[in-house]
K.L.:
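Mind having a look at this structure? Questions to follow.
Throughout, protein chains are lettered first and strands after them, A, B, ... in sequence-line order, and every chain is numbered starting at 1.
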Amino acid sequence: MPELPEVETTRRGIADAILGHRIAELQVHDRRLRWPVELGIAEQVRGQQIAAVGRRAKYLLLGLERGSLILHLGMSGSLRVLAGDTPRGKHDHFDLRLEGGLTLRLNDPRRFGSLHYTDEDPAAHRLLRALAPEPLEADFNAEYLWSLTRRRRAAIKQVLLNGRLVTGVGNIYASEALFRARIRPTRAARRLSRPECAALVRAVRAALQAAIGAGGTTLRDYVNSDGNAGRFRQKLYVYERGGRACRRCATPIRRITQGQRASYFCPRCQH
DNA sequence: ATGGGCACCTGGCTGC
DNA sequence: TGCAGCCAGGTGCCCA
């Protein structure tokens, strides 16, 4: 599910409600996430105040007084801020109960999400330390993309999905960004010209920012922290639009498979 | 070093 | 209705 725009929408949606609140208790109802939630976490976070609500790539970071909670929504996770007495439902994994009565609850049917705690700088955590630059920051730029792609024989779509090279972009926005940059997903990364790298960087940024502005994309089950669907689906150019008319030139959008995942592109607009 | 494929899950949809 | 098969927004890890 969530790519960077959905995670960022979630971050913004929960920040005001939980910032400055103290953790009364972390109640883990179902430890079974991508990695089993470590039992000691509850003990470590109890009583700590939430000092920051940040994001690194698709990870949410809750900065506490003495450490950080690192959480990932996987393919199907969503976070809600709820009244503490809201009944639990299927696939609810934990409640971060706050003093004052609210609770931050994770629901994740497919269990690809995760929850970790670290006392150290979260950037040094094993899950975060090798991540590429933030796509909306200045160090993700044409020069960066150009130099890293020079030796890459892999398709540019695969490069966009490799979090050590580019972060925040998942299957939806990889196709969307490539459409905006007019580059075919199958092009070998090393064959991109400098101007194409520049265009792709701009396209990645534009696609992510537009989606953030619309509260993310809901295809099936994603909900924002307010329980509502994202509104970006209507604005997608190619994703899940196989066979339908290209919004730019009316040619039917094509669907192909790359690395066992769907890619969509316009055979006329993209080269 | 790079790249390809698999694994981890549940649920919804399609077609027989 | 039932059931098998396929597909889905992520990403760490193993192997060649």
K.L.:
Look at atom CZ of A/Arg88 and say whether more than 12 heavy atoms of other residues, nucleotides or ligands are closer to it than 6.0 Å.
P.N.:
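No, because the 6.0 Å sphere around CZ of A/Arg88 holds 12 heavy atoms or fewer from other groups.
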K.L.:
Apply side-chain hydrogen bond (donor to acceptor under 3.5 Å, both in side chains) to A/Thr103 and A/Asp95, showing your working.
P.N.:
CA-CA 6 Å; A/Thr103 189; A/Asp95 278 288; 2.9 Å; yes
K.L.:
What's the verdict on salt bridge (Lys or Arg N to Asp or Glu O under 4.0 Å) for A/Glu176 and A/Arg180, showing C-alpha distance, side-chain angles and the deciding distance?
P.N.:
CA-CA 6 Å; A/Glu176 291 298 306; A/Arg180 287 172 184 246; 5.1 Å; no
K.L.:
What's the CZ-C1' distance between A/Arg233 and C/dG9, to the nearest Å?
P.N.:
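Checked: the CZ to C1' distance equals 11 Å.
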K.L.:
For the residue pair A/His72 and A/Arg34, confirm or rule out a side-chain donor-acceptor distance under 3.5 Å.
P.N.:
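The criterion, which ignores hydrogens and geometry beyond distance, is not satisfied for A/Arg34 and A/His72.
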K.L.:
Hey, quick one: are A/Leu136 and A/Val204 part of the same hydrophobic cluster, counting side-chain heavy atoms closer than 4.5 Å, chains of contacts allowed?
P.N.:
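Yes, A/Leu136 connects to A/Val204 through the hydrophobic network.
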K.L.:
Taking only N and O in the side chain of A/Lys90, is any of them less than 4.0 Å away from OP1 or OP2 of B/dT10?
P.N.:
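Checking B/dT10 against A/Lys90, no side-chain N or O comes under 4.0 Å of OP1 or OP2.
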K.L.:
In whole Å, what is the span from the CG atom of A/Leu165 to the P atom of B/dT2?
P.N.:
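Going from A/Leu165 (CG) to B/dT2 (P), I get 8 Å.
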K.L.:
Identify which nucleotide among C/dA8, C/dG10, B/dG3 has an atom closest to any side-chain atom of A/Ala154, counting heavy atoms from C-beta outward.
P.N.:
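Of all the options, the side chain of A/Ala154 is nearest to B/dG3.
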K.L.:
Could you go through the salt bridge (Lys or Arg N to Asp or Glu O under 4.0 Å) check for A/Arg31 and A/Glu38 one step at a time?
P.N.:
CA-CA 8 Å; A/Arg31 299 175 61 205; A/Glu38 288 185 33; over 6 Å; no
K.L.:
For A/Arg255, which contact category applies under a 4.0 Å heavy-atom criterion: base, sugar-phosphate, or nothing?
P.N.:
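The residue A/Arg255 makes sugar-phosphate contact but no base contact.
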K.L.:
Got a minute to check which stems DNA chain C is part of, using Watson-Crick or G-U wobble pairs under 3.5 Å, three or more consecutive?
P.N.:
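Stems (3+ consecutive pairs) listed as B:2-8 with C:10-16, B:10-16 with C:2-8.
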K.L.:
How many whole angstroms separate atom OH of A/Tyr239 from atom P of C/dC7?
P.N.:
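From A/Tyr239 OH to C/dC7 P: 12 Å.
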K.L.:
Applying a 4.0 Å non-hydrogen cut-off, can you work out what A/Phe232 is touching in the nucleic acid: base, sugar-phosphate, or nothing?
P.N.:
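Nothing, no heavy atom under 4.0 Å.
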K.L.:
Membership question, hydrophobic clusters at under 4.5 Å side-chain separation (ILVMFWY): are A/Val159 and A/Leu192 in the same one?
P.N.:
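A/Leu192 and A/Val159: one cluster.
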K.L.:
Atom CG of A/Leu219 to atom P of B/dG11: distance rounded to whole Å?
P.N.:
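Spelled out: CG on A/Leu219 to P on B/dG11 is 18 Å.
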K.L.:
With a 6.0 Å cut-off (strictly less than), is the heavy-atom count around CZ of A/Arg248, excluding the residue itself, greater than 12?
P.N.:
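More than 12 heavy atoms, drawn from other residues, nucleotides or ligands, come within 6.0 Å of this atom.
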K.L.:
Take the protein atom CG of A/Leu128 and the nucleotide atom P of C/dG10, then report the distance between them rounded to whole Å.
P.N.:
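Atom CG in A/Leu128 sits about 17 Å away from atom P in C/dG10.
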K.L.:
How are the rings of A/Tyr237 and A/Phe179 set to each other: parallel, tilted or perpendicular (split at 30° and 60°)?
P.N.:
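Rings of A/Tyr237 and A/Phe179: parallel, as their planes differ by under 30°.
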K.L.:
Listed in order of residue number, which residues of residues 259-266 of chain A have a non-hydrogen atom at under 4.0 Å from DNA chain C?
P.N.:
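Result for residues 259-266 of chain A: A/Arg261, A/Ala262, sorted by number.
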K.L.:
Give me the residues of residues 104-123 of chain A where at least one heavy atom lies under 4.0 Å from an atom of DNA chain C, by number, or none.
P.N.:
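Within residues 104-123 of chain A, the residues near DNA chain C are A/Arg110, A/Phe112.
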K.L.:
Roughly how many Å is it from CD in A/Glu6 to P in C/dG9, rounded to a whole number?
P.N.:
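Going from CD in A/Glu6 over to P in C/dG9 covers 12 Å.
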K.L.:
If I pick the P atom on B/dC6 and the same atom on C/dC6, what distance separates them, to the nearest angstrom?
P.N.:
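14 Å, rounded to whole Å.
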K.L.:
Among C/dG12, B/dT2, C/dG10, which is the nearest nucleotide to the side chain of A/Arg152?
P.N.:
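The listed nucleotide nearest to A/Arg152's side chain is B/dT2.
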K.L.:
Describe the nucleic acid contact of A/Gly163 in one word from base, sugar-phosphate, nothing, applying a heavy-atom distance below 4.0 Å.
P.N.:
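No contact.
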K.L.:
Might you work through the salt bridge (Lys or Arg N to Asp or Glu O under 4.0 Å) test for A/Glu134 and A/Arg55, ending with a clear yes or no?
P.N.:
CA-CA 10 Å; A/Glu134 278 296 303; A/Arg55 178 186 57 72; 2.8 Å; yes
K.L.:
At less than 4.0 Å, is any side-chain N or O atom of A/His72 found next to OP1 or OP2 of C/dT11? Yes or no.
P.N.:
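So the side-chain polar atoms of A/His72 do come within 4.0 Å of the phosphate oxygens OP1 or OP2 of C/dT11, strictly under.
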K.L.:
Is there a path from A/Leu128 to A/Leu33 through hydrophobic residues (I, L, V, M, F, W, Y) whose side chains come within less than 4.5 Å of each other?
P.N.:
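In one cluster with A/Leu128: A/Leu33, no.
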K.L.:
Return the value, rounded to whole Å, for the distance between atom CZ of A/Arg32 and atom P of B/dC9.
P.N.:
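These atoms are roughly 9 Å apart.
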K.L.:
Look only at the side chain of A/Asp108 and the backbone of A/Gly113, and say whether a donor-acceptor pair between them is shorter than 3.5 Å.
P.N.:
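Yes, the answer is positive, given that a donor and an acceptor are paired below the 3.5 Å cut-off.
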K.L.:
Answer yes or no: does a side-chain N or O of A/Arg34 lie under 4.0 Å from OP1 or OP2 of C/dG10?
P.N.:
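Answer is no, no contact under 4.0 Å.
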K.L.:
Over how many whole Å does the gap from A/Arg164 atom CZ to B/dG3 atom C1' extend?
P.N.:
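Going from CZ in A/Arg164 over to C1' in B/dG3 covers 13 Å.
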